[in-house]
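Fair warning: this is a prediction, and the values are worked out from it, not measured in the lab.
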Amino acid sequence: MEEQNSTRIFEGLTSPSKVVARIGLILLSTDEVGGDAFVSIMPKDRVSVFTTRTAYDHSGGGFSLATSFADVADTLPPAGRFDVLAFSCTSGTVALGMKSLLSQLAKARPGVNYTSPAVAGVAALRQFKAQRIALLTPYEPRVHRSFLPFFRENGFEITADGTFAKSTDAEIGELRRESIFSAAKALMRHTAPDALFISCTATPVVPYIDSLEREIGVPVVSSSQAMAWDALRLAGFRDPIAGFGRLLASPR
């Protein structure tokens, strides 16, 4: 007896998506804060964020992925389905160098735009025309000190710098608001910087940037906030976004 084909084919009506920007985001396997912070900035129903994670080695002052940027990018949606590829690691960018990182991202997923927290941080500080900056990081001193030449080579004078000397993303993600505010204010005393840069996507500062700016009186640029600003800018999303500091509230 022949089997009857009773499968019905229905007309599937579709509606155009209201999304105007799509971003692929590569997170580190250990980052418990950065992904949520990045997504919290994005306007709902207008921006889509596709995330993936990667293991890595950040020992000895270098940085490498467990596989490759191409392998990691292959876990994101296919070509044509997003506009910007963002790599969510500030210290990894500094270790690799901005040019090297951007080159590797371009080879991993050709035809889109690329950013990272350090790349975006430099662009954001220049957006404010900042020349003198205070620098706050959560890293062990060896990693923290690698940021001093990085910013100087990109044209910034560092008026004061400090670190919480934490060794893991888990510890960094548990930093308390009052510790971050106290450290920021200490760096501002007697130094008069044009802006404050707070490093590491694992630093839990994004929800408090507005409040911190009001207390210290200068723009605050943080890793996840700057990367979100740059990704939106590269994707062509120009609308101001309130609640995350002057950077996102200003035109892009």
*Establish, from distance only, whether the side-chain atoms of E215 and S211 form a donor-acceptor pair under 3.5 Å.*
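The answer is no; no qualifying pair exists.
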_Side-chain donor-acceptor contact under 3.5 Å, T163 with T137_ =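 On atom types as modelled, these side chains qualify, holding a pair under 3.5 Å.
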*For S29, check side chain to side chain donor-acceptor pair (under 3.5 Å) against everything at least two apart and list the hits.*
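So S29 forms no side chain to side chain donor-acceptor pair (under 3.5 Å) with any residue.
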*asked:* Using the side chain to side chain donor-acceptor pair (under 3.5 Å) criterion, which residues pair with S68? Sequence neighbours excluded.
replied: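 For S68, the residues satisfying side chain to side chain donor-acceptor pair (under 3.5 Å) (neighbours in sequence not counted) are D71.
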May I ask you to check whether over 12 heavy atoms, not counting those of [X], lie within 6.0 Å of atom [atom1]?
| X | atom1 | value |
| --- | --- | --- |
| D57 | CG | yes |
| Q131 | CD | no |
| R176 | CZ | no |
| R152 | CZ | yes |

To the nearest 0.5 angstrom, please state how far the [atom1] atom of [X] sits from the [atom2] atom of [Y].
| X | Y | atom1 | atom2 | result |
| --- | --- | --- | --- | --- |
| T159 | I133 | OG1 | CD1 | 8.0 Å |
| F63 | L96 | CZ | CG | 6.5 Å |
| L234 | L85 | CG | CG | 11.0 Å |

*Under 3.5 Å: donor-acceptor pair, side chain of T93, backbone of C89*: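 It does hold such a pair.
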*Kindly say whether A123 contributes a backbone atom to a donor-acceptor pair with the side chain of Q127 at under 3.5 angstrom?*
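Checking the backbone N and O of A123 against the side chain of Q127, no donor-acceptor pair under 3.5 Å is found.
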If every non-hydrogen atom of [X] is compared with every non-hydrogen atom of [Y], which pair is closest and at what distance?
| X | Y | answer |
| --- | --- | --- |
| L125 | A195 | CD2-CB, 3.8 Å |
| L76 | R109 | O-NH2, 4.0 Å |
| V94 | S146 | CG1-O, 3.7 Å |

*May I ask you to check if R177 and F181 form a cation-pi contact, with NZ or CZ under 6.0 angstrom from the six-membered ring centre and within 45° of the axis?*
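Yes; both conditions hold, so R177 lies above the ring face of F181.
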_So, applying side-chain contact (heavy atoms from CB on, under 4.5 Å) with N113, which one of D83, I23, L105, V84 is it?_
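Of the listed residues D83, I23, L105, V84, the side-chain contact (heavy atoms from CB on, under 4.5 Å) partner of N113 is V84.
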*asked:* Going by ring-ring contact (aromatic ring centres under 6.0 Å, His included), name the residues that satisfy it together with F69, two or more places apart in sequence or in a different chain.
replied: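 So F69 forms a ring-ring contact (aromatic ring centres under 6.0 Å, His included) with F87.
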*Any idea how H58 and Y56 line up, ring-wise: parallel (<30°), tilted (30 to 60°), or perpendicular (>60°)?*
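Perpendicular, since the angle between the ring planes exceeds 60°.
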*Following the transitive rule for hydrophobic clusters with a side-chain heavy-atom cut-off under 4.5 Å over Ile, Leu, Val, Met, Phe, Trp and Tyr, establish whether V33 and M227 coincide in one cluster.*
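V33 and M227: separate clusters.
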_Between I180 and I198, is there a side-chain heavy-atom distance shorter than 4.5 Å?_
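Yes, side chains in contact.
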*Going by heavy atoms in the side chains, are R246 and I209 under 4.5 Å from each other?*
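No; the side chains remain at least 4.5 Å from each other.
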*asked:* ring pair (Phe, Tyr, Trp, His ring centres under 6.0 Å) for F197 and F156? Distances and angles first, verdict last.
replied: CA-CA 11 Å; F197 184 78; F156 301 101; 9.1 Å; no
*Ion pair R53/D31, N-O distance below 4.0 Å*: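 Not counted as a salt bridge, because no side-chain N and carboxylate O are separated by less than 4.0 Å.
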